[in-house]
Amino acid sequence: MSYSPVYILALIVLYLSGLFAVAYAANREWLPRAITHHPATYVLSLGVLAGAMATNGVIDLASRFGYAFMLYYAGVVLMFVMATLLLIPLLRLCRVYQLSSLADVLTFRFRSPGVGAAITIAMCITVLPLLALQIQAVGDSVHTLVGASGGLYDSGNRHGRVALLFCIIIIGFAVLFGSRNHSANTRNTGLVTAMAFESLVKLAAMVFLLLAAVYQVFDGIGDMNQWLRQTPEAMALVDREGARGDSARALLLVFFSGAVAMPHLFHMLFAENTDSNELHAATWGLPLYLLLLSLPILPIAWAGIKLGQALPPDYSGLGIGLALQSPAISAAAFFATLSAASAAIIVTTLALANMCLNHLVLPYRVLRIGDEADIYGRLVWLRRSLVTVLILAGYTFYLLLGGSHSLSQLGLVAFAGVLQFLPGILAVPYWPNANRKGLLAGLWGGLGIWFFSLLLPATTHYQPLLHQVYEQLLGPEVDLWTAATMLSLGLNIALFVIVSVFGSTSDEERVAAEICSMDDLMRPTRQVLSVASAAEFADQLALALGPRTAQSEVQRALTELRFLPDETRPYALRRLRPRLEANLSGLLGPAVAHSIIEQCLPFQPGSNEDLQLIERNLDS
């Protein structure tokens, strides 16, 4: 049984059109606010974390590691169980200072535009395998459904044109509904609602595959259990020795870090969050969703074994549909993959586009502002252009790989790369003595090991000397992925600690560390501004933003603080300054916003204390 490429493309357009319609209806408020702003909608939108790795790649993990595939879900659950220790402090920081990405947070903490640029570049590189994973999942599914000849992991006949059309359609959705807001911190109701809808589609498709596996391939749960007892191959699937000891710890660690460091989940957790109660609901809602999503994995794998389907484990759902000659099962498997992959691509590229705009584009004054310039419109179009470039970069990387790796292999490479950001994230609320030199030394040291040990071998036939070192030190049976992952993280932490302990920390870093720490002690010092009224704020900011934008931003800050336009009180003006910086941070990024405020609205010489400490407590 096979399908025509035109039919498959029609299914892709049909699904993404439905996603488009949901987002459009939410933005136009045609859907009830009780739905679009319900905590359950936000919790479901976090299901974007479960991309094609969760619907396809994790089945391959089960075939390699047995029950240890549950570590994929356990890592995320562990992060959300510990939300009060890391997620909630980060949410508080992001909300007060309008930080929308990991690069924004680390730039704010270490007070360096160079940190933001380094984090952005590193994130774009580490996430490329993740983008390629999503595109490959759709491309391989099309390859299978059209009945093409050739193995899935051969370099030829990959249906790259269909994958390219898929990417173009995704670009259209991301441009129209993902980057409509000029500020990355303004909640995109259409995007959140569409991602919640995607999560429901994905879950429904996986549950349908579960029922098909149990009641069509087997004659119910009892028959499946009896078959398991009689089939050593199936029992070996859950009793594998592949993930014990160091391998299990490495898997748990990379999935734990991915729950906060992956750009698409970070964006949905913090940039699209408007109510801390939503995050509290997510601490139990997302683990429940992932539990439901994990239930079909082993029955689908067992059904594929019983039917003797020849596809790789990643595509067992499609194999069941083709073996049973069932269009409904094939469609469910395809929609599970399509919904997971499209959502992950959309939100990941939106998050990366915001990072690139704030830390690679705007700091170099690409944006020219005139007296009547519409800075907001220009920001939207810059963000849309970056989304397009990033999706096409992911497609190019997919072509470079040539389909020679399984989805789980690509996923593990991406998660191991993102793991290198975990030490910096933990340092934000818990290590005031960390400095930017230590952060960058550790990051580039860890990424260097990751690049040469994992990424480069995945894209070329290059076999680094490090592999031989691993085998000599740890024995020929060593798992190279585990060894490279733990070595890269160990080097990262060692360099971070050594350089920070023996290096110097700037005054700005110490002040930012106090703001980010859990300690609420404050030592405010009265400082005197160089301006005497709110009108003068607009005049000074016009030098950098243009009169129109400056007036708009000052008025917005005054409204948020409930001050009058003719405000002149020194206390009120000192509160207006950090509010303006926070708003500009959401618009232009923390590095550019801090530079503009320091240049246009400096304090008169005197104390060195940062009054954002006051702003933090007043907002709380």
Side-chain angles (χ1 to χ4, degrees), residues 52-75 137 140-141 144 151-154 206-252 255 290-326 329-330 332-333 336-337 405-412 474-482:
M53 182 69 180
T55 56
N56 298 72
V58 76
I59 302 178
D60 185 56
L61 280 182
S63 70
R64 294 172 59 188
F65 300 124
Y67 276 128
F69 82 92
M70 289 296 295
L71 292 171
Y72 173 81
Y73 306 98
D140 284 355
S141 296
T144 300
L152 275 182
Y153 296 150
D154 297 332
M206 293 297 289
V207 170
F208 184 85
L209 291 176
L210 169 65
L211 297 176
V214 173
Y215 294 102
Q216 285 192 251
V217 178
F218 300 100
D219 290 329
I221 295 177
D223 179 62
M224 183 175 69
N225 288 333
Q226 182 179 359
W227 177 83
L228 285 173
R229 289 192 292 269
Q230 298 171 352
T231 311
E233 181 185 359
M235 290 304 298
L237 185 66
V238 297
D239 291 331
R240 295 193 186 279
E241 300 288 335
R244 304 289 174 88
D246 291 341
S247 295
R249 285 188 284 271
L251 285 170
L252 183 63
F255 296 136
L290 293 177
L291 172 64
L292 296 175
L293 202 61
S294 69
L295 294 178
I297 300 303
L298 286 177
I300 291 173
W302 290 328
I305 293 174
K306 181 179 181 181
L307 293 173
Q309 61 92 17
L311 294 176
D314 313 68
Y315 305 98
S316 294
L318 283 177
I320 294 171
L322 296 176
L324 296 177
Q325 298 285 301
S326 171
I329 297 176
S330 298
T337 301
H405 299 278
S406 69
L407 300 183
S408 64
Q409 288 174 322
L410 290 178
L412 291 176
L474 304 174
E477 301 299 323
V478 64
D479 179 61
L480 295 178
W481 177 84
T482 301

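Here CG of Leu324 is found 8.5 Å from OG of Ser330. Values are rounded to the nearest 0.5 Å. Taken to the nearest 0.5 Å, the CG atom of Leu322 stands 7.0 Å off from the OG1 atom of Thr144. Here the straight-line distance linking atom CD1 of Ile59 with atom CE of Met53 works out to 11.0 Å at 0.5 Å rounding. For the atom pair Phe69 CZ and Ser294 OG, the distance stands at 6.0 Å (nearest 0.5 Å). Taking NZ of Lys306 as the start and OG1 of Thr231 as the end, the distance is 8.5 Å to the nearest 0.5 Å. Here the CZ-CG distance, from Phe218 to Leu307, works out to 8.0 Å after rounding to the nearest 0.5 Å.
Counting all heavy atoms, side chain and backbone alike, Gln309 lies closest to Gly319 at OE1-CA, 3.8 Å. For the residue pair Asp314 and Gly57, the shortest heavy atom distance occurs at OD2-CA, 4.0 Å. Across every non-hydrogen atom of Ile297 and Ala54, the tightest pair is CD1-O, 3.9 Å. The shortest heavy-atom contact between Leu210 and Pro299 is CD1-CG, 3.6 Å.
Taking the side chain as every heavy atom from C-beta outward, Tyr315 and Leu407 approach each other to under 4.5 Å. Residues Met206 and Leu293 form a side-chain contact, since some pair of their non-hydrogen atoms from C-beta on lies under 4.5 Å apart. For the pair Leu412/Phe255, a side-chain contact is recorded, criterion being any heavy-atom separation below 4.5 Å from C-beta on. You'll find the side chain of Trp227 stays beyond 4.5 Å of the side chain of Asp219, heavy atoms only.
Asn225 meets the side-chain contact (heavy atoms from CB on, under 4.5 Å) test with Ile221, Leu228, Arg229; sequence neighbours excluded. Annotation: side-chain contact (heavy atoms from CB on, under 4.5 Å) contacts of Ala333 (sequence neighbours excluded): Leu209, Leu318. Every side-chain contact (heavy atoms from CB on, under 4.5 Å) that Leu252 has, sequence neighbours left out, goes to Leu71, Ala74.
Between the side chains of Asn56 and Thr337, at least one donor-acceptor pair of N or O atoms lies under 3.5 Å.
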